[in-house]
Structures are given as structure tokens and as C-alpha cells.
Amino acid sequence: MGRCVYLFSFLLLSTLCTSSQVFAAQLDQTQTGVLQKLFKSLQSNFSVPSSLLNNGDANPCNWNGVGCALSGSSEVVRELSFSNFGISSIKSSSFEDFFDSLCSLHTLQHLNLSSNQLSSLPDSFFSNCTGLSGLKYLNLSSNAINQQIPNFKFRDLEVLDLSWNHFTGAIGNKLDSLTKLKSLNLSSNSLHGSIPPLSGQENGPLKELVLSMNYFNGTIPYSIFKHGNLTYLDLSQNNLIGRVPDEFNNLSKLETLLLNANNLSGNIPTSLTNLKTLYRFAAYQNNFSGLIPIGLTKYAKILDLSYNNITGGLQPDLLSPPTLESIDLTNNGLTGSIPGNISRNLYRLRLGWNQLSGTLPTSIGELSLLSYLELDGNKLEGKIPNELGNCKNLTLLNLASNNFENELPLGLGNLSNLVVIKLQINNFSGRIPSQILNWANVSTLNFSLNALSGEIPPQISNLKKLANLNLGGNNLSGSIPSTIGDMSSLNELQLGNNKLSGIIPAMPGSLTTALNLSHNSFSGPIPSSSFINSLELEVLDLSRNNFSGLVPDSLTTLRFLTILDLSNNNLSGTLPNFHNWVNVIITGNALLSNSTREATSNPDHPHSKKKVNPGLAILFSVLGAFFGFLLLACLIVFSLSKRFYRVENVGLQSDDITLPYITDGRLITTNSIHTSNIDFTKSMESVLNPLNVFMKTRFCTYYRVEMPNGSIYSVKKLNFSEKIIQIGSQEKFGHELEVLGRLTNSNVMVPLAYVLTADSAYLFYEHACMGTVFDMLHSSGNVLDWQCRYSISLGVAQGLAFLHGCTQPVLLLDLSTRSVHLKSMNEPQIGDIELYKVIDPSKSTGSLSAIAGTVGYIPPEYAYTMRLTMAGNVYSFGVVLLELLTGKPPVSEGIELAKWALSHSGRPEDREGILDSRISHASIPVHSQMQSVLKIALACVAVSPESRPKMRNVLRMLFNAK
Ligand SMILES: *[C@@H]1O[C@H](CO)[C@@H](O)[C@H](O)[C@H]1NC(C)=O
Ligand SMILES: *[C@@H]1O[C@H](CO)[C@@H](O)[C@H](O)[C@H]1NC(C)=O
Ligand SMILES: *[C@@H]1O[C@H](CO)[C@@H](O)[C@H](O)[C@H]1NC(C)=O
Ligand SMILES: *[C@@H]1O[C@H](CO)[C@@H](O)[C@H](O)[C@H]1NC(C)=O
């Protein structure tokens, strides 16, 4: 879209210049009449403020959206830009008239009807609008037009933008008559079939072709190389397969080539190295293999081949061309070392998750423009060169998961622009030098899982913007600096698995995501005063210390708590009364009882009787770090939520409630029951009241909202952040939601409507009144019978098989029993299907490369691949099955249910012990069906992703389980 506008700025400019020169000339009677009529229809529609239309002026050429030009001695209408004018709300009786009037403006060259929520245009507009035969520019983007691509009659069209609609079907030769096209944008529709040959445009002026985000399949046809004027070619996010023809010599003007997110394979075409004009080439998320062609970066300045299967070493000429600005080779099979000769113009270098070895060259210090450096997940070793401190522009430094060692160099302290520093999972040792802790902008600091020792320097509290601090899994000793309470941005503090002791100081009020002090040497009573500032804390982990005495009542005032882990201490007395959504873990405290609620962990849990496994500490520390990792996403998600809650607090005290500023609100469903029930303003008032919260998960808060007519809906709040939504914007997210909203499966929670505000998204659902599967299994007093659990497993499998089976499969970022809601006891609905659209690690280009999910459900390979897969979803589903079979939570005492079940699955008599004995002996058929389902569950949680069954097969096996 943007590019079309750019292309046509010339046309626009000439229009505007001419009209400003003319003051005496007049628009003729006929055209004046037509414009009056058009604006009258627009005004009949309440959703457009009359100030926008601004047609008080006598000369219609001065009205909003109207552009005129001189033709002979009079003015004529050349341009109408009715973007976001609410045209779809024009009364249906005058809707066709509106378009007929448009068609009578013979002089029109430029028509923009984008963003009008149009679901269709009158047939006659495409088939019989002969009046507009001179039209050169037509923009219908960002509507909801749901039909096949029409046979266009506008023979003079130079720019056609149909992007962000619901156009379906194949294109065939429907566009062939538009031989003058310079720019064609069909992005983000539901178009099928092969890439259209566009034979009408062969050897023509076509410069820009954007076919991204559709369902185009098959291979890239040779016909594409017959458009020798192409400068911009975008085929990304389709289902293209096979090798890419090596014919790019024919596209000698090509500047941008985007092939990302398809299933393309074979080698990267060598002919690309000859294109002198090539500026940007992106082929990430495909299956390309082989070596990187020599000379690929000779001309290309921006290269992204991440998430492929490219092998070999980094040739010396790959990074050295001085024009190279950005290179991303993350997640391939690259080997060898990092060459020392690197372009001084490089601002982004991402080589993470390969098999690179050797040291970090000291010449890295010469890259004064370098802003993003990610080398995580390799086998790099040695010291961090002190010269790295010369990269003054560095904002992101990620060297995690390598074999780096030695002390942290003092030079790091010079990186004054750092925002994210991740050095976890290496062998760094020695103290944390206090001199380096003067990064004024750092928001994420992760040094976990190293061998750092000594005390935590009190200077850490100088990092005023630090939101996420993870020092877990080191040998840190002494006490937590008392100034920690001054860290007014701190959201999450991970200090688990160290040797910390002493007094726990007061924690800052900003701490909202997590506080993990587990596995340290803290003792004495849990200090109630330390946490009372952090009223919005979500996760508090005090497990594996030596805390004794009563659990303070004050912990129940933490109104946003979802997990409280007190396990393995010496606590005593009775647990105070927590909200039902708080998962309180108290095992391993012999004297602590829980009289008021069902224990979340079954005290008869088989491994609670065992001795602590020596591997447990390691496992737990990995888990802890992983937690930190996952929570990075949350950090950003939740860092904005605070602001929102503040508004809420103020609002509740005074009378005038400040509603968040709504940037967009739309109904997705067309079901008239919902469209008449849902009231956005009322809903926004309701979400300001924390009493309406009925559930919280890692990423979302759910509100129960009563609409003015008494009907109940669930509204889910998801916090927005630029950093997470990498490509695109709120507008794009809105579009994605509408696509998801069109899914129909009774086991999937589909959004009915959404509201976007500056920092949050609110999604509307039918209220699933029975709560989640987690609540049913672990928090309600009743024991669910097997019939019920079996129906739930079938329903979830059906929903997931459906999502995986979509033409563009929907992967779940976070499948857990907390994300499966129950409409009735045997009607489960999978929620949170939109999350993967929000946090897509493989697409993120900035600082975020964390995959997310819920601990216990995360497949082991995610730690290395950082890529969401169907097999990963199958693993999480396996954990859900195991939960249904065992009645146990996904993690207890640091051991994941899946690992526990796998380790007990060797002999048949051991398998018996896995099943929930409260129900497995109900009858012989129940017992045998549970045994069969257990086999399926174990297959789903297989360690190797390749050996897990596909959801379709899982569903079939579940149906047949007897
Ligand atoms: C096409 O438009 C003309 C006048 O605008 C009208 O007379 C004719 O009936 C239309 N034809 C069709 C097929 O709609
Ligand atoms: C480029 O466009 C011009 C018309 O604008 C056309 O004559 C020429 O053949 C095109 N070149 C190629 C290589 O297709
Ligand atoms: C492409 O998709 C269509 C359905 O839209 C299907 O009929 C066709 O077989 C597919 N072609 C290839 C090569 O996969
Ligand atoms: C990657 O390529 C190697 C050989 O180059 C091959 O053995 C391996 O199977 C490929 N992996 C994938 C996931 O395609």
C-alpha cells in the first residue's frame, strides 16, 4: 500500500499543483451535482463526523477527499480519496446509487475507497462502470470484500490495490486486460491456486507485484521472469514449494525480493548475486539448503535467510562488503568461525542458533553502527573481547547459550545505549563488576545459569529502567541489596538457585510478573512486609528455602497472584484463603495444612515419597531460567498493564472513570444475536473494575462482562507492545483477528469482536461458564469421571486437529488446561488461538526471540529451536491428556508430568501407577480405555518431535481407543 502511494505521489502532486494554480475556474454543474449527491449519502451515515466531510465550502473541489485539476478552462474531478469514510454504513437503499454516481465522474483518475469495512461492491461497479474508463488508480484495500476477483474493465489502471480483503478463488487470467499495470497488490486475501501468470502484463511496465499472505501454492513459475521491469516482488507467506528458478538475470531492475514464510527448498539462486540493483532479499522461514552463494551480499544490503537449513561456513566475503547493513542467518546449520572482516555499516548481525565455533573477533569493536548483535545458541568460546565496549550504538547484545567464559569485561560498561543484555547459559565466572552497571536504558538483563559468584552489587539499583532481571542459577551469595525497592521499573526478578540468605528487603511496587527466590538459603518467617508493595505480583516462588512459621495472611492481598509456590520449606499452620485462581503449591511442608481448599498437588503423589533426586536441582534450575526466558515476553506484555491499572485505581476513587482511548473497535461475528448484544462502551467500563476479573493466565486477563441487556460475555485483555508485534501494527492485528474470527469449529474459541486501545487488545467471546479444564481437574472439589475426561480429550483433539488442518495452520503458542474452556462438561473450547500472531519469535527482528508457553507444557526442543511447530503443539496436547489421565498438575515439585510419566512407562505394572486411581478402577472398559489413551499420550510427549503423531492421527486413535 505504502509503496503504491509512493509510486503515485507523482500523480497526486501534479493534481494538487494544478488545482492550486486555478482559482477562477469552476467545476461544471454536472460534476458539482454528482459530488453533492455523493456527500449527501455519506452524511446520512452517523459514523462519519460532519466535520470530516467539511463541505460547507461552495467549491466542491475544496471538500475533504476531493482533488480537481484544470482541463481546458474549467476544473474537473481527478481524485476521490474516501478512505475511512464509513461507506459501508450508507443506507442500503442509496448504496448502489452512490456507486452509480461515482461511475458518472468521467474525469476521475484516482479513486481510494480503502478502510471502509465494505463487504461487497455492487456488481455493476466492476462489470459496467464504463464511465470510469480513464481510471488509473484504484485502492480498495483494508475492506472486507468477500468475493472472487472480478473481471476488471478499467483498462487504463496503473495501480490496483486490493490488499487486506477476503478475495477468494484463483486469479486465472482475470487481470490480463489490465495491460498498463505498474503496481498490483493482492496481499492478505484468501486467494488460491498457483501464482497467476499475468500474461497480459508480460514485457509491460509492471514494477511492483505483491502477492503475499494468500494461499498460493505450487512452484514459482518461469512466467514471473517475464516482468523485466519489476523492482519489488513479494511472494511471502504463501504455500509455495519447490526450487526457485535461477533466472533472476531477467529481472535486472529488481530491488526487493521477499520469499519468506513458504516451503521453498533447494539452493538459494546464484543468479541473485548478479543483480546490481538488489537492495533487500528475504527468504527466511523456508527449507532452503546448501551453501550461501558467494557474492550474495556484494550488492544486497539487507539479507535475511534465517530459519532455513543452510550449511557451510561464513565465507570471508559474506560480511565484508562495506555496503552491507543487516544480515540475519539465525537458525540454520552454519559452521566454522565468524570472519574478522565485517562491514563498518552493519547495524544488525544475527547469527544465533547455528553451530558456529571459535571466538568473537576483536574487530567487532570497529562496528560503530552495530545496534543488534545476536550470536546465541552457538558453540562460541573464550572471553568477550573488551573491544566490544566500543560498539557504542549497541542496543541488543545476546550471547546466550554458548561456551563463553572468564570474567565479564569492564568494557561492557561503555555500552550506554544497551536495552537488552543476555549472557545466560555460558560459563562466565567471577563477580559481577559494579563498574559495568551504569546502563541507563537497559530493560532486560539476564546473566542466569553461569558461574558468577560474590554478592549482588548494590549498584544494580542504578539501572532505573531495568524491568527484567535474571541472575538465577549462579553462585551468588550474601543478601539482596536493600536498595532493590528503588528499582521503580522492575517487573520481574529471578534470583532462584543461588546461595542468597539474610533479610529479604521490601520489593518495588512495580514488580508484577514474577519474583523467584526459590532454591536459596533464606530462613525464618516469610517476611510479610517485603511483598506488600508488590500488590500486582503474578508469580511468587519461595520454594526450596528454609522458611518456617505461618504463611502470612498478607499474601492474600496480592490480588493478581496466579502462582504461589511455597513447596519444600518448613512452613506450618493453616494456609490462608486465596482466590480460586491462585495455584498454591505447598507440598514438602510437613506441618502446613490446607483446610480451606483442595490441595493443588495430590499429597499421595508418587514422587513426593521419594528422596530428592540429585538431578532435580539441575532440572529445576533449567526450569527456572526457562521461566525467566518465557517471562521476557510477559515482561513486555505486562509492563504496560500497570499503567492501565493505575488509571483504573484513580478512576475507581473519583467519579469520572477514564476509559482507555479506543483506537478501533469492530464486530467480527455476523451473528445478529451477538451484534445486538455487544456494547463496547459498557465493556470498557467493566474491564476497569478488577472485581470482574474471573481468570488470569500468563498472557491474558479475562473479565466477565454483563451487557446492557443482561447477557454475559467474556472479554479477554491482551497487552500490546510494539516490540512483540514486530511486523505490522494494530491494524494488522485487527486483520488477523478477523481471519481467525472466520474459523468455525465448536471446539475452538473464536473472537466475536475486538477493541484495540493504545496498549491493549480486548477480545470478546461467548462466556464459557464452566471455567477451564484446569479448574475442573485441580481446583473443584469433585473428581471428574472418566467419561467426562474422555469427552474433553476428544473435543480438544478435534479443535487442535482442525486448527492444524487449516490451509494456513494455526499453531498454538500456549496450549494448557488453563487455556481450554468448558462451555459444558463435555464441550471444551481451545482458547488463546490468537497468541501466536502476537508473539511470533521466528518473525521477530528486534530484541525478542523468546518462545512462550506454560511451564510443563513446553516441548523440550523449543529451548533450542525457538520455533513454534505442530509437533510442539502435539507435545502440549499430550501433557493435557496426561493431566486428564492422572489428575495431576503439569508440574509438581519441579518435575514435569510428561517426564515423570515417560520415566514410569517402561513396564505395564508401572504404567498402572500413572493412572488416576480414583477413577481407573470404575469398570473394566474404563480401565482399558484409559490404558489405550495413556499410550497415545506417551506417543504425543515423545522427546523427539519427529516421532510424535500428527493431530489427525491422534484424533483417530482417540476415537478408536477402547
Ligand atoms: C450498464 O449501465 C447502463 C447505464 O449506466 C445501463 O443502461 C445498463 O442497463 C447497464 N447494464 C448492465 C448489464 O447492468
Ligand atoms: C518495461 O516497460 C516498458 C513500458 O513501460 C516496456 O516497453 C518494456 O518492454 C518493459 N521492459 C521489459 C524488460 O519488460
Ligand atoms: C493448490 O491448491 C489447490 C486448492 O486450492 C489444489 O487443488 C491444488 O492441487 C494445489 N496444487 C498444488 C501443486 O499443490
Ligand atoms: C538439512 O540439511 C541436511 C543436509 O544438508 C539434511 O541432512 C537434513 O535432513 C536437513 N534438515 C531438514 C530439517 O530439512
Side-chain angles (χ1 to χ4, degrees), residues 424 428-432 434 445-458 460-461 469-485 487 490 492-508 511 514-531 534 537 539-552 554-555 563-573 584-592 608 611-628 891-895:
Q424 71 269 22
F428 292 114
S429 56
R431 292 167 170 270
I432 300 173
S434 58
L445 185 161
N446 190 342
F447 291 173
S448 65
L449 293 169
N450 279 291
L452 298 167
S453 55
E455 300 199 359
I456 301 173
I460 197 103
S461 57
L469 174 58
N470 190 342
L471 302 175
N474 281 290
N475 292 321
L476 298 169
S477 54
S479 52
I480 302 173
S482 60
T483 50
I484 202 107
M487 298 183 68
L490 199 62
E492 177 179 0
L493 180 57
Q494 294 283 346
L495 298 175
N497 281 285
N498 279 292
K499 295 176 180 151
L500 299 167
S501 57
I503 294 171
I504 299 174
M507 292 293 159
L511 210 57
L515 172 59
N516 181 357
L517 301 179
S518 69
H519 214 272
N520 276 291
S521 307
F522 293 108
S523 57
I526 293 176
S528 56
S529 60
S530 304
F531 311 116
S534 314
L537 194 60
V539 177
L540 177 57
D541 189 349
L542 302 176
S543 64
R544 291 183 184 272
N545 280 287
N546 242 330
F547 287 114
S548 54
L550 302 177
V551 177
S554 62
L555 291 181
I563 299 180
L564 174 61
D565 194 345
L566 302 172
S567 61
N568 298 77
N569 280 290
N570 290 319
L571 296 163
S572 54
V584 188
I585 303 163
I586 60 168
T587 46
N589 289 282
L591 301 176
L592 180 58
S608 63
K611 277 190 74 185
V612 176
N613 175 336
L616 195 70
I618 297 164
L619 171 69
F620 202 72
S621 65
V622 171
L623 257 179
F626 209 74
F627 226 106
V891 186
S892 45
E893 298 185 36
I895 295 185

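Side chains are part of it too, since the values below use all heavy atoms of this structure and drop only hydrogens, waters and symmetry mates.
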* Structure fact -> When rounded to the nearest 0.5 Å, the distance separating CG of Leu555 from OG of Ser528 is 7.5 Å

* **For Gln494, the option from Asn470, Asp541, Asn516 that meets side-chain hydrogen bond (donor to acceptor under 3.5 Å, both in side chains)** => Asn516

* Check side-chain contact (heavy atoms from CB on, under 4.5 Å) between Ser461 and all other residues, then give those that pass, not counting sequence neighbours. => Thr483, Met487

* From OG (Ser543) to CD1 (Ile586), nearest 0.5 Å -> 13.5 Å

* To do: Could you tell me the separation between the CD atom of Glu455 and the CG atom of Leu500, rounded to the nearest 0.5 Å?
  => 9.0 Å

* Structure fact -> When rounded to the nearest 0.5 Å, the distance separating CG of Asn474 from CD of Gln424 is 11.0 Å

* Asked: Is there side-chain contact between Val584 and Val551, with at least one heavy-atom pair below 4.5 Å?
  -> no

* State, yes or no, whether a side-chain contact exists between Leu566 and Ile526 at a heavy-atom distance under 4.5 Å. => yes

* To do: Measure the shortest side-chain to side-chain distance between Phe447 and Leu476 over non-hydrogen atoms and say whether it is less than 4.5 angstrom.
  => no

* **Inter-residue atom distance Asn497.CG - Leu517.CG, 0.5 Å rounding** => 11.5 Å

* Look at the side chain of Asn450 and the backbone N and O of Leu452, then say whether any donor-acceptor pair between them is shorter than 3.5 Å. => no

* Asked: What pair of heavy atoms forms the shortest contact from Pro508 to Gly485, and how long is it?
  -> CB-O, 3.6 Å

* **Minimum-distance pair of heavy atoms, taken over all atoms of Leu542 and Asn545** => O-ND2, 3.3 Å

* To do: Could you walk me through whether Ile480 and Met507 pass the side-chain contact (heavy atoms from CB on, under 4.5 Å) test, one step at a time?
  => CA-CA 10 Å; Ile480 302 173; Met507 292 293 159; 4.2 Å; yes

* Structure fact -> Nearest heavy-atom approach of Ile504 to Ser530 is O-OG, 2.8 Å

* Ser501 to Ser521 - nearest heavy-atom pair and separation -> CB-O, 3.7 Å

* Structure fact -> Tested for side-chain contact (heavy atoms from CB on, under 4.5 Å) against Leu540, the lone hit among Leu511, Ile563, Leu564 is Leu564

* To do: Would you give the length of the straight line joining atom CG of Asn569 to atom CG of Leu591, rounded to the nearest 0.5 angstrom?
  => 12.0 Å

* Structure fact -> The side-chain contact (heavy atoms from CB on, under 4.5 Å) partners of Pro457 (sequence neighbours excluded) come to Ile432, Ser434, Leu437, Gln459

* Can you tell if the side chain of Glu492 reaches within under 4.5 Å of the side chain of Val539, non-hydrogen atoms only? -> no

* Asked: Can you find a heavy atom in the side chain of Phe522 that is under 4.5 Å from one in the side chain of Ser479?
  -> no

* Using the side-chain hydrogen bond (donor to acceptor under 3.5 Å, both in side chains) rule, pick out the option among Asn570, Asn520, Asn568 that qualifies with Asn546. => Asn570

